[in-house]
4 protein chains.
Amino acid sequence: MQCPLDSKPRWERRKDARPQELLAAAIDLFVERGFAATRLEDVARRAGVSKGTLYLYYTNKEELFKAVVRGSIVPFIGEAEESVAEFEGHSADLLRQVILSWWDRIGQSKVSGIGKLMTAEAGNFPELAKFYQEEVVVRVIRMISTILERGVDRNEFRAVNVQQVTRVLMAPMMMLVTWKHSAVGPCASDDLQPQAFLDAFLDMALGGLLPPAGARQ
Amino acid sequence: MQCPLDSKPRWERRKDARPQELLAAAIDLFVERGFAATRLEDVARRAGVSKGTLYLYYTNKEELFKAVVRGSIVPFIGEAEESVAEFEGHSADLLRQVILSWWDRIGQSKVSGIGKLMTAEAGNFPELAKFYQEEVVVRVIRMISTILERGVDRNEFRAVNVQQVTRVLMAPMMMLVTWKHSAVGPCASDDLQPQAFLDAFLDMALGGLLPPAGARQ
Amino acid sequence: MQCPLDSKPRWERRKDARPQELLAAAIDLFVERGFAATRLEDVARRAGVSKGTLYLYYTNKEELFKAVVRGSIVPFIGEAEESVAEFEGHSADLLRQVILSWWDRIGQSKVSGIGKLMTAEAGNFPELAKFYQEEVVVRVIRMISTILERGVDRNEFRAVNVQQVTRVLMAPMMMLVTWKHSAVGPCASDDLQPQAFLDAFLDMALGGLLPPAGARQ
Amino acid sequence: MQCPLDSKPRWERRKDARPQELLAAAIDLFVERGFAATRLEDVARRAGVSKGTLYLYYTNKEELFKAVVRGSIVPFIGEAEESVAEFEGHSADLLRQVILSWWDRIGQSKVSGIGKLMTAEAGNFPELAKFYQEEVVVRVIRMISTILERGVDRNEFRAVNVQQVTRVLMAPMMMLVTWKHSAVGPCASDDLQPQAFLDAFLDMALGGLLPPAGARQ
DNA sequence: AATGAATGAGGGTTCATTCAT
DNA sequence: TATGAATGAACCCTCATTCAT
């Protein structure tokens, strides 16, 4: 950890770990079964605690879900926003870096199932939808738009319609993780080749964004 | 009675209409809330009947759902398969026709919400997943693959990897309807411009399929 | 029937047969499943009529059941009572005749299942219990007691305790039919040999009733 | 608390007692109303808990019923089997002892109503029938047959047909408890004199089993 | 902090009975 | 007379949430 002399007794460290264990269990089950179909008793059991204990840390199911999002997707977004703000190179590299690190940190992991889940169940849990839209979707859109605008401003990208291209860029990523987590769909699980998909997607996307060859400096 | 030409009593006409009324109510609610979250009592109420009446027409919730699929998506697939078998022109026109008629008949309507629903809940309802995969997904894949193979055989398309391109073609369509029915996502509902999206998609798809200009006859 | 020139058209004869067809269907199902577990819809279907039609003939489930009893067991009791009243021979012969004709008409047929059914479900249907007790049980007890008293009066039987012996005589008969209709019990269905059982029972019963050999005239 | 020797808190003592309280309530109602007609809510209420609580202890209605059987009849059978295996005296005494202890532990109590219930409802609940046949009926038959064989082997009983006599011995016992629990039947409840019935039955049974006086040692 | 027993509202399904035709 | 569509109360079972310990 940060403190190499961890002065706390093992028992207390265990206690501190509880929320993390609960979040880990929760994300597994939420992604596997969806929000509504996940039973808090199962979450508690998987975390090795009792059902009542769960309520000591999270007031209810929705708060638990929010905590899952806050503990997984939101921090990534924060870091990505920072790296966008600090980046100094070519906007195409920035875009590629953001997408690949998204795939590395989110897309590949269970966390990406949260996106599919929200798409499916937002209608039944308006407060959750609002939370997710504000904490995740809006920030992602803003971040990608920012990259595009940066690229356009710096003449590294063509003068595209930023709003639409933002959506065009997000769509295939969403699709990729949706299929990855679904039991039906055009891709039997072993047919899905995410890496090849990503490569093709990036080629296409950057090909569409970079200025015509003749126009480059 | 009031209309002497209609020999059926009003009451019996209702009976004939009931299944359709129930299916209409069911599709509304299934698409709005998902399979698990839809209460049969609500379906019944929306159709203007009592809970018990629903069971006169459909054995249980899963059968009601299957009936919805059989009454909306499956017939379209059948017709599309026929039109593919009978078609005599250029494969690009066939592909365009199938996709546009899909948009017309399925994509635009509530029915398209079924796809999103199945993607989300298949894991929790394995029998439904099996049904949908067999009755819909497999047939759609086969149909699109058939079109691609036809195009390749007739030298109207390039010699693409049919299996993968089938998936690449399906993905944006799925995405389009998924966002259309979701309360969260990168597209606020009024930002989504399906027609423009479709045009762009078809341009891209056909651009990728047609042989290089020099090779065309 | 009584009128050899049956002037009624076949269609109307059919109508007259309805109640009998319903009773036949009802007894099948009541005996097979019990009173509560029998669905009137099944009764109607087996009789080849609609559920509503059943209610034209019997006001409700309990009345249907009573009609079954009235149409099967009660007439037999009436005849048995008559034959008891008219009989002129030895009381042992009378008892044997009554028991054997019971076996012939009731015990062997489905009707005997009614006895088991009432024993089991009387507690849940007090009105039915009252009806059955009055229309069947009390009359059977009275009839057998009458035979015993007749035998004792005529010095054909020993001076037994009529009340208790009545029960002792009824018990094995009830048992026989109960097992005949049950899916559990000490007798796998093919082990039960009713005829042998009856012979043994009659030997025992009459052996216990007839006066000691030395006392006979 | 009030009793310092009892280290468990009152609340936990309740938890330990719950299963027994629920079984007690269940047996009352099952015997009173039968399996199908017993509502779990009533069982719960009679045990002083809510409907949901019942499911903390028993997975479903059938399991509750099995628990009732396992907690009442099955243990008795186990003990009886042991006492049969260990017994060293005359087989007639063994038979008498087994029957009288059955009457003491089962016949006299509500538990005996289970037998009547199963006879009546086995047809509608095949899994329950299988369970009861295996756990109870088969073992009882085996036990009684064992006693009879023992008696025959030791020349304490005549060489009877063991299979049939087993059934003949069981029949009156079944009948006794069936009437005891029934609202209809030849015995108004206050006329039934079980003790006298048992005495007569044992006299008869042993009379039929013991070798003729002249043959005894 | 931790437990886990208890709750009770709610959803799927069944079926006797009614009633317009 | 005959139909069968419609009803609605009832029952089994689930699960988020509470709370005494």
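Below, chain A is the first sequence line, B the second, and so on; all start at residue 1.
Toward the 5′ end of DNA chain E lies the nearest nucleotide of D:Ser50, the other residue of the pair D:Ser50 and C:Lys61 mapping further downstream. A residue-by-residue look at D:Thr59 and D:Arg39 shows that D:Arg39 has its nearest nucleotide of DNA chain F further toward the 5' end. Checking A:Gly52 against D:Gly52, the closest nucleotide of DNA chain F that is more toward the 5' end is the one next to D:Gly52.
Between C:Leu40 atom CG and E:dC15 atom P there is a gap of 11 Å when expressed in whole angstrom units. Atom pair D:Tyr55:OH and E:dG10:P shows a separation of 18 Å (rounding to whole Å applied). Straight-line distance from the CZ atom of B:Phe65 to the P atom of E:dG11: 19 Å, rounded to whole Å. Between the C1' atom of F:dT17 and the CG atom of D:Leu56 lies a distance of 13 Å, rounded to the nearest Å. We find that CZ of C:Arg45 is positioned 12 Å from P of E:dA16, with the value rounded to whole Å. E:dC19 atom P lies 17 Å from atom CG of C:Leu54, rounded to whole Å. For C:Asp42 and E:dT14, the CG to P distance is 12 Å, given to the nearest whole Å. As rounded to whole Å, 12 Å separates atom C1' of E:dA2 from atom CG of A:Leu22.
Contact annotation: A:Thr53 side-chain N/O to E:dA2 OP1/OP2 distance is not under 4.0 Å. For the OP1/OP2 pair of E:dA2 and a distance below 4.0 Å, the side-chain nitrogens and oxygens of A:Tyr57 include at least one atom meeting the criterion. Side-chain nitrogen and oxygen atoms of D:Lys51 include none within less than 4.0 Å of the OP1 or OP2 phosphate oxygen of E:dG8.
Around NZ of D:Lys110, the count of heavy atoms belonging to other residues, nucleotides or ligands within 6.0 Å does not exceed 12.
Under a 3.5 Å cut-off, the side chain of B:Thr53 and the backbone N or O of B:Val49 do not form any donor-acceptor pair. Between the C:Lys66 side chain and the C:Leu128 main chain, no donor and acceptor come within less than 3.5 Å of each other.
Partner of C:Phe125 under the ring pair (Phe, Tyr, Trp, His ring centres under 6.0 Å) criterion, chosen from C:Phe35, C:Tyr132, C:Phe65: C:Phe35.
Pair check for E:dA20 finds F:dT3; Watson-Crick or G-U wobble, both atom distances under 3.5 Å.
With rounding to the nearest 0.5 Å, the separation of CZ in A:Arg46 from CZ in A:Arg39 is 12.0 Å.
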